[in-house]
**Q** 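Structure provided below as structure tokens; questions to follow.
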Amino acid sequence: MSKIRAKKTDSSFFQDVYAVVRLIPFGRVTTYGAIAEYLGTRLSARMVGWALNCSHTQPNIPAHRVVNRKGMLTGKHFFATPTQMQELLEAEGIKIINDQVQNFEQVFWNPSKELEL
DNA sequence: CCCCTGACGACGC
DNA sequence: AGCGTCGCCAGGG
């Protein structure tokens, strides 16, 4: 699959983030940095997380599949309940201990690698 | 129009 | 190896 949008132009780059997040396969997770890198804003992973913060306005955004580069569920506090993010991930077969994704490398999904491969 | 904030990441100490 | 700071960009007050 080709790049969603090589560069942010007319619309907000938020749309790009949403598009990538929607592409995350079931049972997989990715990182803010990976998405940021894919969008070309490698140095600004914060924007990705921020975009996800606004993702609650967009339907069908599996934001629970996005964690930081350590595999930590930093955004769980932004869900309806602090445990919802973990619940959703565990429902996909992802083991989480102490807000840390187990076998993170195994479930990690890199858009730059998977989408361009 | 200026200032602050924000779900991160890399480097420095 | 753990904690602290800076950089980064965009949106909101």
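On a predicted model such as this, the values are computed, not experimentally measured, just so you know. Each chain gets a letter, A, B and so on, in the order the sequences are listed, and its residues count up from 1.
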**Q** Between atom CZ in A/Phe14 and atom P in C/dG12, what is the gap in whole Å?
**A**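 The answer, rounded to whole Å, is 8 Å.
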**Q** Atom CZ of A/Arg69 and atom C1' of B/dA10: how far apart are they, to the nearest Å?
**A**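 It is 9 Å, rounded to the nearest whole Å.
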**Q** Side chains of A/Val29 and A/Val66, heavy atoms from C-beta outward: is any pair under 4.5 Å?
**A**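 Side chain of A/Val29 against side chain of A/Val66, heavy atoms only: no contact under 4.5 Å found.
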**Q** Give the rounded distance in Å between these two atoms: CE of A/Met72 and C1' of B/dG9.
**A**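 It works out to 15 Å between those atoms.
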**Q** Given side chains that start at C-beta, do those of A/Glu87 and A/His64 come closer than 4.5 Å, heavy atoms only?
**A**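 A side-chain contact under 4.5 Å is absent here.
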**Q** Without decimals, in angstroms, what is the distance between A/Leu43 CG and C/dG7 P?
**A**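 Atom CG in A/Leu43 sits about 12 Å away from atom P in C/dG7.
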**Q** Does some side-chain heavy atom of A/Leu73 sit less than 4.5 Å from a side-chain heavy atom of A/Met85?
**A**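 Yes; the side chains approach each other to less than 4.5 Å.
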**Q** Separation of A/Leu39 atom CG from C/dC8 atom C1', in whole Å?
**A**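 My rounded result for the distance is 15 Å.
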**Q** Does A/Arg65 come within less than 4.0 Å of A/Glu92, counting only side-chain N to carboxylate O?
**A**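 Looking at A/Glu92 together with A/Arg65, the answer is yes, because their closest N to O distance falls below 4.0 Å.
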**Q** Which letters describe nucleotides 1-7 of chain B, given B = protein heavy atom under 4.0 Å from base, S = only from sugar-phosphate, - = neither?
**A** -----BB
**Q** Quick one: does A/Gln58's side chain get under 4.5 Å of A/Phe14's, heavy atoms only?
**A**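 In short, these two side chains do not touch, never coming nearer than 4.5 Å.
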**Q** In Watson-Crick or G-U wobble terms, both distances under 3.5 Å, what is the partner of B/dA7?
**A**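 For B/dA7, the partner nucleotide comes out as none, under the 3.5 Å rule.
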**Q** Kindly say whether A/Asn110 contributes a backbone atom to a donor-acceptor pair with the side chain of A/Glu114 at under 3.5 angstrom?
**A**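 Such a contact is absent between A/Glu114 side chain and A/Asn110 backbone.
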**Q** What is the distance from NZ of A/Lys70 to C1' of C/dC3, rounded to the nearest Å?
**A**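 From A/Lys70 NZ to C/dC3 C1': 11 Å.
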